[in-house]
A.B. asks: 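Below you'll find the structure I mean.
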Amino acid sequence: MYRLEDLNPVQQLAVVHREGPLLILAGAGSGKTRVLTYRIAHLIAQGVEPWEILAITFTNKAAQEMRERAGTLVGSEGRGLWVTTFHSACVRILRQEIGNLPGYTRDFVIYDSGDQQSVLKTCLKELNLDDKKFPARAVGAVISEAKNKLLDQDNFEQQSGDYSQHQIAKVYRAYQKRLKVSNALDFDDLIMLTVSIFRQNPEVLSRYQERFRYILVDEYQDTNHAQYSLVKLLAARYRNLCVVGDDDQSVYGFRGADVQNILDFERDYPEAKVLKLEQNYRSTQSILEAANSVVCNNTERKEKSLWTKNPKGQPLIFYVADDEQDESRYVAERIKRLRNLEGRPLNDFAILYRTNAQSRVLEERLMKEGIPYRIFSEHKFYERLEIKDILAYLRVLSNPADIVNFVRILNVPKRGLGGTSLAKVLEYTEEQKMPILEAILEADYIPDLQPKARKSILAFAQLMQSLKELVNNETSVYKLVEEILNRTGYRDPLITDNTPESQARLENIAEFLSVTDEYDKKASQSKPVAADELGVELTPGLSGFLEQVSLVAEIGQLDQQEAAVVLMTMHSAKGLEFPVVFIVGLEEGIFPSIRSDLEPGLIEEERRLCYVALTRAREKVYLCHAGQRMLYGRRQYNSRSRFLEEIPYNLLEEIDPIDPPARQPKKLKSTEFSSRVSSTGLNSSAFGSPARKLGTPLVENVQEEFRLNDKVGHDKFGQGIIMGVKGEGHQTVLTINFQGQLKQLIAEYAKLTRLKA
DNA sequence: CCGATTTCCGCACAG
DNA sequence: CGGAAATCGG
């Protein structure tokens, strides 16, 4: 059972709000998952049927967490409730409504980005496009972007202007054609085509509108246009749409997320109720204040001010490293000391970086120091070569038209069938317009094949035929995979090899087998009983298994409970929290990334990322800057990240209080922030300003008109207290706390009056 | 056709 | 620098 008393007043309002649109602006650590799950429980308690509720998240992890937490609140009352990702919801709808998409059957397969890539390469070759001018990756990105904007191949062609766009429009068309031949959809299609079916078939849409009378969307700031439209369509009738998000945490612009969706919610739904969850339960005041003062430099954002009842905590610690080696040494050393001095377990620590390339040095250091660590999101289980191979067998068996996966396995293991034979097979398949797996049964009629190749293809065809019988006899997935492995001899070369890599592959295969076994067992229990099964219906058999795999992409991570420091990008840290957080590489050109210099708006996204990173921490934040850094095989000299300058000085300390006080721990001198080295790595003298060493004061006579903690008055913002002083003379920038609202003002222009304390 | 060698290229990323 | 793809030679 759930208790409303466990929630703060605003959270309660969010939970009990019943009819009509609701926008919940949920700051970092404000208990939004709690609100969402309680809201689901409350709706059900108020008599809403669970199957009338649709809760959408972005990641499987979030969906699973929400399912579990909702499950403990409502128990078996939750049967029929949908708590899923956008993609998984769309797949379920599409399996049902695929009849509205000519050319597709319900066995359709989902192509991942790798599969997508190989289809694109074929298309580019077919159209004789220079793959230097049109790299498959880039073209794929354009097509994906188009789909996220709901532009199908016709719309895209219409709105394409220059030559290059017209060429891409051709590729787009060819690409869709090839997907259809393979009875395949890519991830972006799942959303775009669901929307398209809804738009073209009002009676279909109507059924779903009637069913999902209450819709909840998590991380609404991350929705792209297609997802936004999908939600809008579904909610159009009952308008019981509750969206939760934080515009300050929108960091996925690069994959089509549009912050405007959340900013415009009140325009789309004028009757919307808006609630702000501003109490943070996670971080210390210092951390929160630092995060706020960084993000308040952004212009396009909803005003909000996070606060907390938590203690002030210690200042954020700032370390200037010589280079990336020194940086990693510092991090490792700090972790060791905090473990010794404060008895912290390894799981307390997270190291966050901007790009994956930064992880290696850290890894090497941790390894050397014997500190157990775990890299979050190394490449995905289902994307490993051997797993993809086995999956390719399964996919072709389930969908005989699947060309990409056919190509993948034709010569795996080695059957002496290379590009030449493959081309002939493909040509024949295209002419005959039949599924490729059926085409090769007629290998005798395929022209121009070498006798050896012909024989080999026929043998392969018969092998697949025999495996297909197993599928038809509803053999368990486990048994099927075992038969594939045995009959193809897939593991033989790995066993012979006996290298560490081949050993790892064999282990992965063994793990895959246990995944299939688990699936067989789970799916055969017809009723979802346990609470954690809310919203997951497993179809027994191969197709159900494949769907699960396509949508989940990551294997249940149960065995990763062992204590270890975690390393991850700031992006993947979103939604997580740690007692101690290290943020490394605070350098212009790294973080913020080099690209934010030119593209407008990008810097604001980087700043939000900084906000996300800082607010992951509960107790302590360590910030590192390296004066020089080896990256991508070249040495870079970067100046300090502007984000460091945006944190008020009184919240930063350069000497960690856990150090023995050799000298008095000093506050950072503001002058140390004013000098910058140009990001080209050359010193700035070439640009007119005199070369000088970092740390040397720029201005000799500092007029200290305003000092920390001075009380000041402003005719617009009222009374405030100075939280930070940065820069000198004309450039002095003050960070002022006006009743919880942090503002950064230029002292010279702000017309401030000094008040007596 | 296959393995070895060279060349190329580089943000963030779930589904 | 390191991984993936392209190219070369047997």
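Just so it is clear: chains get the letters A, B, ... in the order the sequence lines come, proteins before strands, and each one is counted from 1.
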A.B. asks: How close or far is atom C1' of B/dA12 from atom CG of A/D222, stated in whole angstroms?
C.D. replies: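 Taking atom C1' of B/dA12 as the reference, CG of A/D222 is at 12 Å.
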A.B. asks: A/Y632 OH to B/dC11 C1': how many Å, rounded?
C.D. replies: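 Rounding to the nearest Å, OH of A/Y632 and C1' of B/dC11 are 6 Å apart.
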A.B. asks: Can you measure A/R92 atom CZ to B/dG15 atom P for me and round it to whole angstrom units?
C.D. replies: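 It works out to 15 Å between those atoms.
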A.B. asks: Mark yes when over 12 heavy atoms from residues, nucleotides or ligands other than A/Q450 sit less than 6.0 Å from its CD; otherwise mark no.
C.D. replies: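 Open.
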A.B. asks: Applying a 4.0 Å non-hydrogen cut-off, can you work out what A/F254 is touching in the nucleic acid: base, sugar-phosphate, or nothing?
C.D. replies: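 Result for A/F254 = base.
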A.B. asks: Whole-Å distance between B/dG15 P and A/N148 CG?
C.D. replies: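 Whole-Å distance recorded here is 15 Å.
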A.B. asks: From C-beta outward on A/R137, which listed nucleotide comes closest to its side chain: B/dC11, B/dG15, B/dA12?
C.D. replies: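 For the A/R137 side chain, the nearest candidate turns out to be B/dC11.
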A.B. asks: What nucleotide among B/dG15, B/dC11, B/dC1 has an atom nearest to a side-chain atom of A/L551?
C.D. replies: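 Between B/dG15, B/dC11, B/dC1, the one nearest the side chain of A/L551 would be B/dG15.
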A.B. asks: Name the nucleic acid region contacted by A/R360, choosing base, sugar-phosphate or nothing; use a 4.0 angstrom heavy-atom cut-off, strictly under.
C.D. replies: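 The residue A/R360 makes sugar-phosphate contact but no base contact.
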A.B. asks: Can you measure A/F187 atom CZ to B/dG15 atom C1' for me and round it to whole angstrom units?
C.D. replies: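 Computing the A/F187:CZ to B/dG15:C1' distance gives 4 Å.
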A.B. asks: Regarding A/L417, tell me which of base, sugar-phosphate or nothing describes its non-hydrogen contacts under 4.0 Å with the strands shown.
C.D. replies: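 Here A/L417 touches the backbone only, sparing every base.
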A.B. asks: Do you know the tightest heavy-atom contact between A/R415 and A/L463?
C.D. replies: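 Heavy atoms only, the tightest pair is NH2-CD2, 3.8 Å.
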A.B. asks: Within 45 degrees of the axis of the six-membered ring of A/F108 and under 6.0 Å from its centre: does A/R95 put its NZ or CZ there?
C.D. replies: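 That pair qualifies as a cation-pi contact.
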A.B. asks: Identify the residue among A/L609, A/L614, A/T615 that makes a side chain to side chain contact (heavy atoms under 4.5 Å, CB included) with A/Y611.
C.D. replies: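 Of A/L609, A/L614, A/T615, side chain to side chain contact (heavy atoms under 4.5 Å, CB included) with A/Y611 is met by A/T615 alone.
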A.B. asks: Out of B/dC9, B/dC13, B/dC11, which nucleotide sits closest to the side chain of A/T569?
C.D. replies: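 Per side-chain heavy atoms of A/T569, the pick is B/dC13.
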A.B. asks: Would one find a side-chain N or O of A/K414 under 4.0 angstrom from OP1 or OP2 of B/dG3?
C.D. replies: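 Affirmative; the distance criterion is met.
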A.B. asks: Please report, rounded to the nearest Å, how far the P atom of C/dA4 is from the CD atom of A/E383.
C.D. replies: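 Nearest whole value for this atom pair: 12 Å.
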A.B. asks: When all nucleic acid strands are considered with a 4.0 Å heavy-atom cut-off, which category describes A/N411: base, sugar-phosphate, or nothing?
C.D. replies: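 It contacts sugar-phosphate atoms only.
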A.B. asks: For B/dA12, take OP1 and OP2 only and decide whether either is under 4.0 Å from a side-chain N or O of A/N356.
C.D. replies: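 The answer is yes; a side-chain N or O of A/N356 sits under 4.0 Å from OP1 or OP2.
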A.B. asks: Each nucleotide N or O in nucleotides 6-10 of chain C that has a protein N or O under 3.5 Å away: list the pair and distance.
C.D. replies:
none

A.B. asks: In whole Å, I'd like the distance from the NE2 atom of A/H571 to the P atom of B/dG15.
C.D. replies: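 About 15 Å, once rounded to whole Å.
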A.B. asks: Are the side chain of A/S196 and the backbone of A/M192 linked by a donor-acceptor contact shorter than 3.5 Å?
C.D. replies: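 Side chain of A/S196 to backbone of A/M192, a donor-acceptor pair under 3.5 Å: no, none is there.
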A.B. asks: For A/R642, is there any backbone N or O sitting under 3.5 Å from a side-chain donor or acceptor partner on A/E588?
C.D. replies: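 Yes; judged by distance alone, with no hydrogens or angles, the pair exists.
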A.B. asks: Tell me the interatomic distance from A/I191, atom CD1, to B/dG15, atom C1', rounded to whole angstroms.
C.D. replies: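 One finds 8 Å between C1' of B/dG15 and CD1 of A/I191, rounded.
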A.B. asks: So which heavy atom on A/K147 is nearest to which on A/A226, and how close?
C.D. replies: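 That would be O-CB, 4.0 Å.
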A.B. asks: With DNA chain B as reference, determine whether A/S593 or A/F86 sits nearer its 5' end, using the nearest nucleotide of each.
C.D. replies: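 By nearest-heavy-atom nucleotide position, the 5'-most residue is A/S593.
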